[in-house]
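The structure appears below as structure tokens.
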Amino acid sequence: MTTTQRRPRRHKKTPSHSPRTILVDTRDANSQAAESVYAVAAALGLDIVELPHAEDASKVVHIQVSGNTVYADARQWHYPEHEATFEHWLVSKCFPRAEHNTVWATVQTGNGSYPLLAVAMAYATAGAAAGGTLFVDADAAGTLTDTILEATDHAIEVLDFDFSMPSPHIYLLNAPVWEGVTLMLQRNGANPLNSVLLAETTDAARQHFRHVVVNCGADLFMAQRLAADGAQVVHVDDFSRPLYVKFDPYKKLDYASHRIPDYGTRRDFEFIYTNTRRRKGMRRWMERGDL
């Protein structure tokens with residue numbers, strides 16, 4: 001199932017007003033332009049009220065579609081050339097940007113590793129503050145995704161990338177949530193939002209989440225790019241061979257000698273998402289720039 005297979009939700013009566021309710025006037029619209037607006041709004045999870053049924057238009061985002069042109073907030077977009085630009089505007093209007101957000105990332109390049117470190121960091125931040133946590137498995141090998149799926153009896157849906165509407169916002173807002181953490185998993189490196197479009201994904205995630213944790217696997221180049229974009233990277237290595245990628249991670253740990261809290265070294269995913277008692281110590285370790 002892709003992120004845009006949700007049918008548009010159209011109400012005959014105006015629901016309680018919120019920033020996620022939009023008023024749409026498509027009486028003079030080209031059918032394709034109108035359906036595009038409906039599809040984007042539905043995929044973003046917005047409530048759509050059509051003009052003839054609106055009881056009070058003063059508290060909702062008002063969108064008018066005339067021909068192939070979309071008008072809103074003294075701006076205009078032409079369909080289909082400006083479809084992505086319109087979507088970005090709609091997201092910024094309906095979803096207030098999360099404040100004081102942090103992107104974390106892990107990269108592990110030694111022979112030894114902590115396979116669940118990244119997801120433990122994600123669950124350590126879950127519920128600590130309003131805004132939510134997103135976990136992104138950006139390791140092309142997909143080993144961590146497989147571990148999570150097996151541990152949950154494949155109860156978590158891995159969404160397919162929708163090439164007809166390649167929006168990271170739409171994907172993030174429809175991604176599955178497991179025990180308080182939104183999970184952006186991948187199989188066989190098939191989702192470009194987890195790889196070549198990862199910068200766009202993390203930028204969009206800052207709009208919706210207080211904490212974002214990215215598992216880079218052993219990809220130092222990916223970790224380097226994330227660090228350049230402001231991510232706080234935890235690099236675990238055993239120093240058994242030279243590395244030719246130079247960047248300054250937030251933490252650089254020797255697998256053999258630097259201690260990571262037990263919560264981050266577990267190999268049992270069920271323990272990580274059910275045990276909340278040890279999360280505070282894990283958060284303190286993450287927030288300290290020292291080792």
Side-chain angles (χ1 to χ4, degrees), residues 1-6 8-9 17-22 37 39-48 60-61 63 72-73 83-106 118-119 121-138 145 148 156-162 165-186 191-216 225-226 229-232 273 283 286:
M1 180 176 179
T2 65
T3 57
T4 53
Q5 288 177 332
R6 300 169 61 178
R9 295 176 294 177
H17 291 299
S18 75
R20 299 185 184 182
T21 301
I22 64 171
V37 171
V40 168
L44 290 172
L46 302 175
D47 292 318
I48 302 170
V60 293
V61 177
I63 299 170
D73 202 22
E83 187 175 14
T85 309
F86 166 71
E87 181 230 314
H88 284 297
W89 171 84
L90 191 58
V91 167
S92 67
K93 196 74 175 178
C94 296
F95 298 91
R97 191 175 182 88
E99 295 182 356
H100 310 298
N101 45 36
T102 305
V103 177
W104 304 87
T106 65
V119 77
M121 290 170 60
Y123 276 92
T125 64
T133 296
L134 169 72
F135 169 73
V136 181
D137 186 10
T145 287
I148 292 172
I156 301 173
E157 183 180 13
V158 181
L159 296 177
D160 297 324
F161 181 70
D162 192 338
M165 196 174 289
S167 165
H169 293 283
I170 291 174
Y171 194 104
L172 293 171
L173 291 169
N174 288 278
V177 178
W178 186 264
E179 298 295 332
V181 173
T182 301
L183 300 176
M184 192 169 170
L185 308 179
Q186 67 163 336
N191 193 339
L193 292 175
N194 295 57
S195 54
V196 295
L197 297 179
L198 183 60
E200 287 83 350
T201 301
T202 54
D203 183 61
R206 288 180 182 273
Q207 180 79 33
H208 307 286
F209 298 94
R210 177 76 177 273
H211 298 281
V212 181
V213 182
V214 182
N215 173 43
C216 299
R225 291 192 296 269
L226 288 170
D229 288 338
Q232 301 193 132
Y273 71 73
R283 287 199 302 273
M286 290 167 60

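The residues of the chain are indexed from 1 along the displayed sequence. Values in this document were obtained by computation on a predicted structure and should not be read as measured data.
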Where do [X] and [Y] come nearest, in terms of heavy atoms and distance?
X: Val158; Y: Leu185; answer: CG1-O, 3.6 Å
X: Gln207; Y: Ser92; answer: NE2-CA, 4.1 Å
X: Phe161; Y: Asn191; answer: CD1-OD1, 3.5 Å
X: Phe135; Y: Val119; answer: CE1-N, 3.8 Å
X: Thr201; Y: Leu193; answer: OG1-O, 2.7 Å

Exercise. Hey, what's the ring geometry for Tyr273 with Trp178, parallel, tilted or perpendicular (30° and 60° as the breaks)?
Worked result: perpendicular
Exercise. Do you know which of Val40, Leu173, Ile22, Val61 makes side chain to side chain contact (heavy atoms under 4.5 Å, CB included) with Leu46?
Worked result: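 Checked Val40, Leu173, Ile22, Val61 against Leu46; only one passes side chain to side chain contact (heavy atoms under 4.5 Å, CB included): Ile22.
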For this session: Before giving the answer on side chain to side chain contact (heavy atoms under 4.5 Å, CB included), spell out for Cys216 and Leu226 the whole-Å C-alpha distance, their side-chain angles and the decisive distance to 0.1 Å.
Result: CA-CA 10 Å; Cys216 299; Leu226 288 170; 3.6 Å; yes
In the structure I gave you, are the side-chain heavy atoms of [X] and [Y] within less than 4.5 Å of one another anywhere?
X: Val214; Y: Val212; answer: yes
X: His88; Y: His169; answer: yes
X: Arg210; Y: Thr125; answer: no
X: Thr182; Y: Leu172; answer: no
X: Thr202; Y: Asp229; answer: no

For this session: Tell me, with the steps shown, if Leu198 and Val136 meet side chain to side chain contact (heavy atoms under 4.5 Å, CB included).
Result: CA-CA 9 Å; Leu198 183 60; Val136 181; 4.1 Å; yes
For this session: Would you sort out whether Asn101 and Arg206 count as a side chain to side chain donor-acceptor pair (under 3.5 Å), showing the intermediate values?
Result: CA-CA 6 Å; Asn101 45 36; Arg206 288 180 182 273; 3.3 Å; yes
For this session: Given side chain to side chain contact (heavy atoms under 4.5 Å, CB included), test Phe209 with Thr133 step by step and report yes or no.
Result: CA-CA 6 Å; Phe209 298 94; Thr133 296; 5.7 Å; no
Exercise. Just checking, any donor-acceptor pair under 3.5 angstrom between side chains of Glu87 and Ser167?
Worked result: yes
For this session: Say whether, by atom type as modelled, one donor and one acceptor occur between the side chain of Asp203 and the main chain of Ala199 under 3.5 angstrom.
Result: no
For this session: Kindly indicate, with the supporting measurements, whether the criterion side chain to side chain contact (heavy atoms under 4.5 Å, CB included) is fulfilled by Leu134 and His211.
Result: CA-CA 6 Å; Leu134 169 72; His211 298 281; over 6 Å; no
